[in-house]
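Beneath this line is the structure, given in structure tokens, with notes to follow.
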Amino acid sequence: MGDPVELRIHSYELTLRLADAEQIEIDRVSPAKEKAEAERKKAIPHPGLGEEGKYHSKADEHPLPEGETLTFALAGNQNCGKTTLFNQLTGSNQHVGNFPGVTVDRKDGPIKGYENTLVIDLPGIYSMSPYSSEELVTRNFVLHEHPRGIINIVDATNIERNLYLTMQLMELDRPMVLALNMMDEVRENGGSVLVNEMEAMLGIPVVPISAAKNEGIDELISHALHTVKYQECPRRQDFCDASDHGGAVHRCLHGIMLLIEDHAAKAGIPLRFAATKVAEGDPLILEQLALSENEREMIEHIVSQMEEERGQKRGPAAVGEGHRLFTAGLRRHLCSHHPDLVPADL
């Protein structure tokens with residue numbers, strides 16, 4: 001052994017002189033911390049969503065008619081591997097064009113080896129708010145073109161930020177599968193994600209994949225086809241924390257839902273999604289709901305009360321914070337990452 005000596009620990013490379021190395025002391029992790037970590041990593045049974053599992057009842061199933069085209073909206077953040085996954089799903093059989101009325105590219109194609117399927121690669125976005133042409137295209141497509149299901153691709157190395165979009169997609173109440181991409185990078189950097197627990201907490205199928213290495217793609221296709229064929233929607237849409245400022249956001253959204261329920265049904269907008277966007281003051285959704293002046297005033301009062309309780313003057317910030325609190329808690333509970341891979345505060 002030379003002096004100095006070179007060491008590699010995970011992705012860190014260290015160079016130490018032997019005299020310095022002798023001064024290093026290693027303490028054993030406290031038993032309490034070891035126990036807490038062991039509990040966190042304790043495996044739970046696979047929930048079985050999106051397959052012939054305990055949530056699929058043969059007696060209650062209503063599969064789509066044979067021969068009907070199963071359309072999938074492929075949605076995710078920018079730079080999450082979405083294009084790579086689209087290519088893995090469709091191969092070379094792709095059609096390239098534009099979405100109507102805009103210069104945003106549209107790519108679609110059938111899933112390799114499966115007739116009567118079509119995957120539409122939507123623009124990479126970070127939220128369902130209409131602040132850019134890409135966000136507006138994605139939202140309008142899912143709301144008005146009525147794809148049979150959604151494949152939401154999430155970057156497992158940046159999971160908290162990516163799940164912010166996932167929360168909004170789930171409010172659309174469409175059959176949905178989460179493709180947890182770049183899991184190979186997570187493992188290579190000493191990290192882990194408790195996939196079964198994540199699936200149970202979200203209420204949708206979660207499939208770990210590596211689009212770049214073609215790992216997990218067959219399982220993803222199997223879950224996506226099953227979920228859409230039997231129209232199995234998310235089992236959960238309400239992620240508000242009842243302990244956050246006395247449940248201010250929760251009460252605000254449910255109050256709005258009671259007021260706009262008939263308007264949302266008439267406009268063909270999922271109720272939970274509509275309520276969230278109304279609380280955020282989304283002008284396009286408000287226009288489509290065609291609320292009366294009295295109803296708008298009542299909603300303004302509900303939102304103002306929520307803002308006062310939370311100490312925030314903007315409804316969008318308060319509602320978005322509810323989503324972020326859930327995703328931050330999920331990441332802390334389910335994900336163990338190398339510190340270079342994911343910052344503690346995204």
Side-chain angles (χ1 to χ4, degrees), residues 6-14 37 40-44 46-47 49-50 72 74-91 107 111-112 119 121-127 150-167 169-170 176-202 204-224 323-324 326-346:
E6 294 183 356
L7 303 174
R8 182 178 178 85
I9 304 174
H10 291 302
S11 62
Y12 288 106
E13 293 184 356
L14 305 175
E37 183 67 8
R40 191 190 72 82
K41 293 185 176 181
K42 187 182 294 182
I44 69 165
H46 185 251
L49 297 172
F72 298 88
L74 178 58
N77 288 186
Q78 296 178 14
N79 304 315
C80 67
K82 184 168 58 63
T83 299
T84 304
L85 176 57
F86 177 75
N87 292 335
Q88 294 286 13
L89 293 172
T90 62
K107 294 190 296 182
I111 298 175
K112 291 183 295 185
V119 180
D121 184 13
L122 298 178
I125 60 173
Y126 295 102
S127 79
I150 299 172
I151 299 174
N152 173 216
I153 180 170
V154 166
D155 178 359
T157 69
N158 204 346
I159 200 165
E160 183 176 338
R161 181 177 295 170
N162 280 238
L163 284 177
Y164 181 68
L165 175 63
T166 302
M167 302 291 100
L169 291 172
M170 291 175 66
M176 182 168 158
V177 176
L178 191 150
L180 195 59
N181 193 31
M182 304 186 191
M183 281 298 294
D184 55 322
E185 294 186 25
V186 173
R187 292 189 298 267
E188 288 169 4
N189 285 276
S192 65
V193 179
L194 303 180
V195 175
N196 287 358
E197 288 84 343
M198 184 176 180
E199 180 169 307
M201 290 179 70
L202 292 175
I204 57 174
V206 176
V207 183
I209 69 168
S210 169
K213 296 182 178 179
N214 198 27
E215 296 174 354
I217 305 301
D218 289 341
E219 183 181 358
L220 174 64
I221 292 171
S222 174
H223 281 72
H323 285 146
R324 292 187 182 92
F326 176 82
T327 57
L330 184 147
R331 177 181 61 81
R332 287 193 300 269
H333 181 65
L334 302 182
C335 306
S336 171
H337 285 100
H338 189 279
D340 276 353
L341 197 60
V342 176
D345 296 309
L346 297 172

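Index from 1, following the sequence.
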Do [X] and [Y] touch side chain to side chain, with heavy atoms closer than 4.5 Å?
X    : Y    : result
I111 : T90  : no
F72  : V177 : no
I125 : Q78  : no
L89  : K112 : no
T84  : N181 : no
M198 : L180 : yes

Looking at every heavy atom in both [X] and [Y], which two are closest together, and how far apart are they?
X    : Y    : result
M182 : N79  : CE-O, 4.0 Å
A211 : G81  : CB-O, 4.2 Å
L85  : A179 : CD2-CB, 4.3 Å
Y126 : Y164 : O-CD2, 3.6 Å
V186 : S192 : CG1-N, 3.6 Å
E199 : P205 : OE1-CA, 3.6 Å

In Å and rounded to the nearest 0.5 Å, what is the [atom1] to [atom2] distance from [X] to [Y]?
X    : Y    : atom1 : atom2 : value
D218 : I209 : CG    : CD1   : 11.5 Å
D184 : K213 : CG    : NZ    : 4.0 Å
L122 : K107 : CG    : NZ    : 11.5 Å
L178 : I204 : CG    : CD1   : 5.0 Å
T166 : N77  : OG1   : CG    : 8.0 Å
D155 : N162 : CG    : CG    : 5.0 Å

I'd like to know if the side chain of E215 and the backbone of S210 have a donor-acceptor N/O pair within less than 3.5 Å.
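A pair under 3.5 Å: no.
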So does A75 get a backbone contact from the side chain of N152, meaning a donor-acceptor N/O pair under 3.5 Å?
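Side chain of N152 to backbone of A75, a donor-acceptor pair under 3.5 Å: yes, one is there.
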